[in-house]
Each structure stands twice: as C-alpha cells, then as structure tokens.
Amino acid sequence: MNYWLLKSEPDVFSWDDLVKKGPSVWDGVRNYQARNNLKAMKKGDKALFYHSNIGREIVGIATITKPFFPDPTIDDERWVAVEVKAQKKFKNAVTLDTIKNTPALAKLPLVTHSRLSVMPVSELDFVLLCDMGGIVS
DNA sequence: GCCAACGTTGGC
DNA sequence: GCCAACGTTGGC
C-alpha cells in the first residue's frame, strides 16, 4: 500500500464536504508531477487530507476508492482524476507549523515543495502524522 | 491582499 | 532550445 497527501482549499472543497459527499472525484489537477502521483495511486491507498490557505493543517485520512481515469472536467487526455472517500477524521488537526517544527518531517514535500498538491508520503511519516493527529492509522 | 516561488507558454 | 512574460499557488 502507498500513502499520499492531498491538498484542498477548504472554501472550495473541505473535509466536511468529502464526508458529506461520500466517494468524490478528485479532479482538476493540472500539474504533471501531481498528475504522475495520481497515476501511481491504487485502490485502497491512504491519503492525508490537508487544508491549504485556510487552516493549513492535516484534518483526516481519505481512502482511494478508484484508481485513475480521464479527468471528466476537461477534454484532454493528459489529465486524470481518482476517486476518494473520507476514512477517518483526526482528533486534533496537525498544523503546518507543527510539521515544520518536527525535524523528522522536515523533508515532507509539503514543506520542501509547498506548491505541489498531490504528493507521496512514506509509511513512517504517515504513521507519525496519524499519531500526531490522535488516531491510529 | 500581497508577493515569492515556481510552472507553463510562446516568441525568437 | 532558451528565456522572458505571464499565470497560479499558497504561506504570510
């Protein structure tokens, strides 16, 4: 199993929206690196759900429910989407500030490549972040 | 709301 | 193929 981190602006699509909506199409990615990460996702992979701009914190874990398929929002074969659903909400959100102040997490792409919206996370980092979020992954 | 970082586009 | 111009992201 692989682990990921997905960014979303909560005023566009928040964790609560994901919970409400159930399985949701993760579309609109227009960046090759992020796209390649989407393509590497498998059903059952786990993804941390991060609120960018507002909150700037990891709020929960989502599960990949469908591997990649052509992005339905654009007529261009280059871009793909996946389907995700909410799995578990963090008891306490883990803020970007906290992550930056945690030496073990200094190499997270979230810190080093702040503009990447879909990124891989190692199993070790994933488990640590879940622990910091107050839940067992 | 500003702006730095960075990705993309297009002229040459 | 280079690079200037431009657009977008996201932290602050």
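Order of the sequence lines sets the chain letters (A, B, ...), proteins ahead of strands, with each chain counted from 1. All figures in this text were calculated on a predicted structure; none of them were measured in a lab.
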Spacing between A/M119 atom CE and B/dC6 atom P, to the nearest angstrom:
13 Å
Can you check the A/R35 CZ to B/dG7 P distance for me, whole Å?
15 Å
Knowing that exactly one of A/E123, A/K46, A/K42 qualifies, which makes a side-chain contact (heavy atoms from CB on, under 4.5 Å) with A/M1?
A/K46
Ring centres under 6.0 angstrom apart (A/W15, A/Y50):
no
Would a single hydrophobic cluster contain both A/I58 and A/L128, if residues Ile, Leu, Val, Met, Phe, Trp and Tyr are joined by side-chain heavy-atom contacts under 4.5 Å?
yes
Round to a whole Å and report the spacing from CG of A/N53 to P of C/dG11.
6 Å
Using atom CG of A/N31 as one end and atom P of B/dT9 as the other, report the distance to the nearest whole Å.
11 Å
Please evaluate the base of C/dT8 for a donor-acceptor partner in the side chain of A/R115 within a cut-off of under 3.5 Å?
yes
Could you tell me how far apart A/R30 (CZ) and C/dT9 (P) are, to the nearest whole angstrom?
11 Å
Distance, rounded to the nearest Å, where A/Q33 contributes CD and B/dG7 contributes C1':
10 Å
In whole Å, I'd like the distance from the NE2 atom of A/H113 to the C1' atom of B/dC6.
10 Å
Hey, is the side chain of A/Y32 poking within less than 4.0 Å of OP1 or OP2 on B/dC6, counting only N and O atoms?
no
Has A/K7 got a side-chain N or O lying under 4.0 Å from the OP1 or OP2 atom of C/dT9?
no
Once you round it to whole Å, what is the distance between P of B/dG1 and CD1 of A/I54?
12 Å
Indicate yes or no: does A/D71 engage A/R35 in a salt bridge with an N to O separation below 4.0 Å.
no
